[in-house]
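Below: one structure, written as structure tokens.
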Amino acid sequence: MSDDLKLPHAAQIFVTFVALLRANGFSVAPEQTASFLAAIELLGPRSLEHIRQAGLATLAPPPERRATYDRLFDIHFRGTDAIEQAEGEDEETVRLQEEGRGEDEPPLADEANESGLAAARAEALVERRFAQTATSDPLRRLAREAAQRLPRRRGHRRRRARSGPFADLRRTLRDSVRNDGEVLRLGRMRRRHRPRKILFLIDVSGSMKARTEENMRLAHVLVQAAGNVEVFTFGTRLTRITPALRLKRREQALNAASFLVSDWDGGTRIGDALQAFLAVPRFGGYARGAAVVIVSDGLERGDPAALRDAVAKLSRRAWRVSWLTPLATSPGFKPQTEALIAIQRFVDDLVDGGSSAAVVAHLLSLATRRAA
């Protein structure tokens, strides 16, 4: 390429934004990229909002993906400031305040459960970075089999079928017209089957530190493979990270999630987090009729009664509640901690969650299990 055809350095950031859109499933033609650059040159621009509007006008993202476009724009042009709480999204992050007496100082980031073995009550606000690693075999299996093996439910809409409990009168009458008014066969219908909602709750406290990174990758694969999934993290705070995980590229999705969550590797207040979840009507709606999967060791440092009450309410709304803990290393596992003993009778499954293979196997087996 000649020097005359080289892209100006100032235009690189705009061209890489177009590449980011393409990587996340947006269709952008080369002519649209040229129009985008021309619009920016025409506008000045005087602010980031001018650049955003130029992109909307020339790159033409579909209306149903406008939120994803805005999220990618903010991540690309604003960086760490992009994941700040947006106006009108007060319910996206529910923050839980420390209820102790105040003597316990929050540990520093370098001191926050380095071993990943002990549960703490104090809150540590930590930023986390995720390493780039290859996709493991269990995650590939989840991506490959999720569409066919995740649980489904009967919908209200009906479809034609060879046999079924409902008569298809429209089809029957139409066929009778072709047979001189004779009804030779009664058409049948049955309800359609739709994917069941999945609510995936991830413990990101210090005692789960060794599993946090792989659980986040698993959550991203699950959101990409099934559209009806909601993901929350909890430790000392409850955070909804579903919008971040909807980004197609894993590195960008986990980077966005890392800025949303501020209590990585901190204390453990599961009961408070679940109570906060149920206190928001929109969040509680995610659990109604859903397969709720909680990945946590259950090393609660708050009040076990609060955890028990929250799980009891959750079980009444959900289709099935599964608690996956790394402590359940054998089929005959008996809970020893006070928190797990308190919630045992309210969960349908209390099984191994100490590896990605175990979590994936349980998710793919949910369709074959009956709610207790």
* State plainly whether the residues Glu230 and Arg246 are in salt-bridge range, i.e. N to O under 4.0 Å. =>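 Arg246 and Glu230: salt-bridged.
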* So, Lys313 and Asp309, do they make that salt bridge, N to O below 4.0 Å? ->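 Not counted as a salt bridge, because no side-chain N and carboxylate O are separated by less than 4.0 Å.
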Between [atom1] of [X] and [atom2] of [Y], what distance do you get to the nearest 0.5 Å?
X      : Y      : atom1 : atom2 : value
Leu340 : Ser296 : CG    : OG    : 7.5 Å
Thr239 : Asp263 : OG1   : CG    : 5.5 Å
Ile13  : Ile51  : CD1   : CD1   : 7.5 Å
Gln336 : Ile341 : CD    : CD1   : 6.5 Å
Leu363 : Phe200 : CG    : CZ    : 6.0 Å
Leu72  : Lys248 : CG    : NZ    : 12.0 Å

* Lys/Arg cation over aromatic Phe26: Arg65, 6.0 Å, 45° cone ->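 Output yes; distance and angle both within limits.
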Would you say the side-chain atoms of [X] and [Y] include a donor-acceptor pair closer than 3.5 Å?
X      : Y      : answer
Asn24  : Gln252 : yes
Glu214 : Ser356 : yes
Asp297 : Thr325 : no

* To do: Show your reasoning for whether side-chain contact (heavy atoms from CB on, under 4.5 Å) applies to Val292 and Leu201.
  => CA-CA 8 Å; Val292 179; Leu201 303 171; 4.3 Å; yes
* Residue Arg22 excluded, over 12 heavy atoms near CZ under 6.0 Å ->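 For Arg22, atom CZ is crowded (more than 12 foreign heavy atoms under 6.0 Å).
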* Asked: If you draw a 6.0 Å radius around CD in Glu145, do more than 12 non-hydrogen atoms from other residues or ligands fall strictly inside?
  ->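 Yes, enclosed.
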* **Donor-acceptor pair, side chain of Asn255 and main chain of Glu251, under 3.5 angstrom** =>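 No, Asn255 side chain to Glu251 backbone: no donor-acceptor pair under 3.5 Å.
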* Geometric class of the Phe73/Phe17 ring pair [parallel <30°, tilted 30-60°, perpendicular >60°] ->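 It falls in the perpendicular class, over 60°.
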* To do: Please state whether the rings of Phe232 and Tyr286 are parallel, tilted or perpendicular, taking 30° and 60° as the class boundaries.
  =>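 Ring orientation, 0 to 90° scale: tilted.
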Does any non-hydrogen side-chain atom of [Y] lie less than 4.5 Å from one of [X]?
X      : Y      : answer
Val221 : Leu218 : no
Val229 : Leu150 : no
Leu37  : Val15  : yes

* Asked: Can you name the nearest heavy-atom pair linking Leu245 to His220, along with the distance?
  ->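 It is O-CD2, 3.2 Å.
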* To do: Using side-chain hydrogen bond (donor to acceptor under 3.5 Å, both in side chains) as the criterion, list what pairs up with Thr68, not counting sequence neighbours.
  =>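 Here no residue qualifies.
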Show the atom names and distances, to 0.1 Å, of all donor-acceptor pairs under 3.5 Å that link a side chain in residues 53-62 to residues at least two apart or in another chain.
from: Gln53; atom 1: NE2; to: Glu49; atom 2: OE2; distance (Å): 2.8
from: Thr58; atom 1: OG1; to: Ala54; atom 2: O; distance (Å): 2.7

* In one Ile/Leu/Val/Met/Phe/Trp/Tyr side-chain cluster, 4.5 Å: Phe36, Leu43 ->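 Phe36 does not cluster with Leu43.
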